[in-house]
Amino acid sequence: MTAIKNQIQMFFLLALIIFLIIFAPQAATGAKNGLLLWFNNVLPVLFPFSFLLQIIMSADTLAGISRHAGFPTRRLLHLSPFCSFCILAGFLCGFPMGAVTASQALKNKQITRDEAQILSAVCNHASPMFLTGYILHQVLSDPPFQHCLILIFYISPFLWLWIRCCMLHHFHRLSPLAESNLLSVSHSTIPFRKILLNSSELMLRIGVCMMFFAIFQELIHILPFISHSAAAVLALLLEITSGTSALSTLPWPEEIKTSLIMGGTAFGGLCIAFQTYPLLHAKKLSFIQYMADKSAVGIITAALVCLLYQII
């Protein structure tokens, strides 16, 4: 089985190299667009958050934050108190900081493995700055009832989190850690140099993923058997920043475009998934379950936005 897997990977890599050689100009254009997008939009926003979050995660200040913000997760969802910090960090900082925080919390024994599996997907969500500044303002050109769209976008992951928690409680798999146990976890101070290297490595990994997926998006548009509409939808599934922009130009009804764009943004795209994969693999968390959870959040978001247009 391993030999077959290695052969498939080798065949895919060789096919990709040949494809890049044949379409070298388009590949170079895609790589340039992806790196510029990373350098101008992602690096200035995510690097400070990543650096500060790792400092907080390595210090005892996290216990105080979780003690005050953990009431909803303990009482409503029956999760460990430290899950509240993962939710706050993921929703405020955006992709892929939710998965980074959940992975680090599992390493520090502050949350359980089942909680880390759920939170790595649910908390891996777009930040309010990306949603309001880019998706709603630039892509959708300030659509009506923006506040309802924002509410739906952040209610959907909580709705799926509640469903997943109910399912796990039903099968008696979810056993949250007590606050007294969490407070007894010892924290060793991480050297400044290691925090800086970890943050830099994360940013570099994000940049490489964005570059390759920008190349894939560029190649999709030159394939003769893919229509313009299909190419826009595929671009959204690959990478949401340029994919949402491509989808917004289609001559489709506004409610369909808005539903797909909001749902695709909640899903995150395969680019975000591949940025998250090393974090999941290192902690032996299921990537298939992650994709299922992200797909569910995206479908719920798109369905609620579509329902909103039908009601209003």
Looking at [X], I want to see if its [atom1] is surrounded by more than 12 non-hydrogen atoms of other residues, nucleotides or ligands under 6.0 Å.
X      : atom1 : value
Leu13  : CG    : yes
Phe39  : CZ    : no
Trp162 : CH2   : no

Looking at side-chain heavy atoms only, is the closest gap between [X] and [Y] below 4.5 Å?
X      : Y      : result
Thr265 : Phe130 : yes
Asp293 : Gln289 : yes
Trp38  : Cys209 : no
Val122 : Arg164 : no
Glu201 : Leu197 : no
Leu149 : Pro143 : yes
Lys257 : Leu140 : no
Met291 : Phe267 : yes

Sub-3.5 Å donor-acceptor pair from the side chain of [X] to the main-chain atoms of [Y], do we have one?
X      : Y      : answer
Arg113 : Lys283 : yes
Gln217 : Leu238 : no
Thr249 : Ala246 : yes
Tyr277 : Phe287 : no
Thr244 : Ile240 : yes
Ser120 : Gln117 : yes

Query raised in the report: With sequence neighbours excluded, what pairs up with Gln275 under the side-chain hydrogen bond (donor to acceptor under 3.5 Å, both in side chains) test?
Result: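 So Gln275 forms no side-chain hydrogen bond (donor to acceptor under 3.5 Å, both in side chains) with any residue.
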Report task. Could you list the residues that satisfy side-chain hydrogen bond (donor to acceptor under 3.5 Å, both in side chains) with Thr258, not counting sequence neighbours? Result ->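 Only Tyr309 meet the side-chain hydrogen bond (donor to acceptor under 3.5 Å, both in side chains) criterion with Thr258.
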Measure the [atom1]-[atom2] distance between [X] and [Y] for me, rounded to the nearest 0.5 Å.
X      : Y      : atom1 : atom2 : answer
Cys306 : Ile256 : SG    : CD1   : 7.5 Å
Gln104 : Phe85  : CD    : CZ    : 10.5 Å
Arg205 : Leu279 : CZ    : CG    : 5.0 Å
Leu307 : Ile152 : CG    : CD1   : 7.5 Å
Cys86  : Leu106 : SG    : CG    : 9.5 Å
Thr132 : His147 : OG1   : NE2   : 10.0 Å

Report task. Take the angle between the ring planes of Phe23 and Phe19 and call it parallel below 30°, perpendicular above 60°, tilted in between. Result -> tilted
Requested in this report: Measure up the Tyr154 and Phe91 rings against each other and bin them: parallel (under 30°), tilted (30 to 60°), perpendicular (over 60°).
Outcome: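 Geometry flag for Phe91 against Tyr154: tilted rings.
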Ignoring hydrogens, what is the shortest heavy-atom contact between [X] and [Y]? Give both atom names and the distance.
X      : Y      : answer
Thr276 : Ala99  : CG2-CB, 3.4 Å
Ala232 : Leu250 : CB-CD1, 3.9 Å
Pro44  : Pro48  : O-CD, 3.4 Å
Ala231 : Ile226 : N-CG2, 3.6 Å
Gly30  : Ile215 : C-CG1, 3.9 Å
Trp252 : Leu260 : CZ3-CD1, 3.6 Å

Query raised in the report: Looking at Phe213 versus Phe216, is the centre-to-centre ring distance below 6.0 Å?
Result: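 Yes, they do, as the ring centres are separated by less than 6.0 Å.
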Query raised in the report: What residues, two or more places apart in sequence or in another chain, satisfy ring pair (Phe, Tyr, Trp, His ring centres under 6.0 Å) together with Phe212?
Result: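 Checked Phe212 against ring pair (Phe, Tyr, Trp, His ring centres under 6.0 Å); zero matches.
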Requested in this report: Decide whether Asn33 and Ser242 meet the rule of one side-chain donor and one side-chain acceptor closer than 3.5 Å.
Outcome: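 Note: Asn33 and Ser242 side chains miss the donor-acceptor criterion.
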Report summary line: In Thr301, Leu304, Leu136, the residue satisfying side-chain contact (heavy atoms from CB on, under 4.5 Å) with Phe153 is Thr301
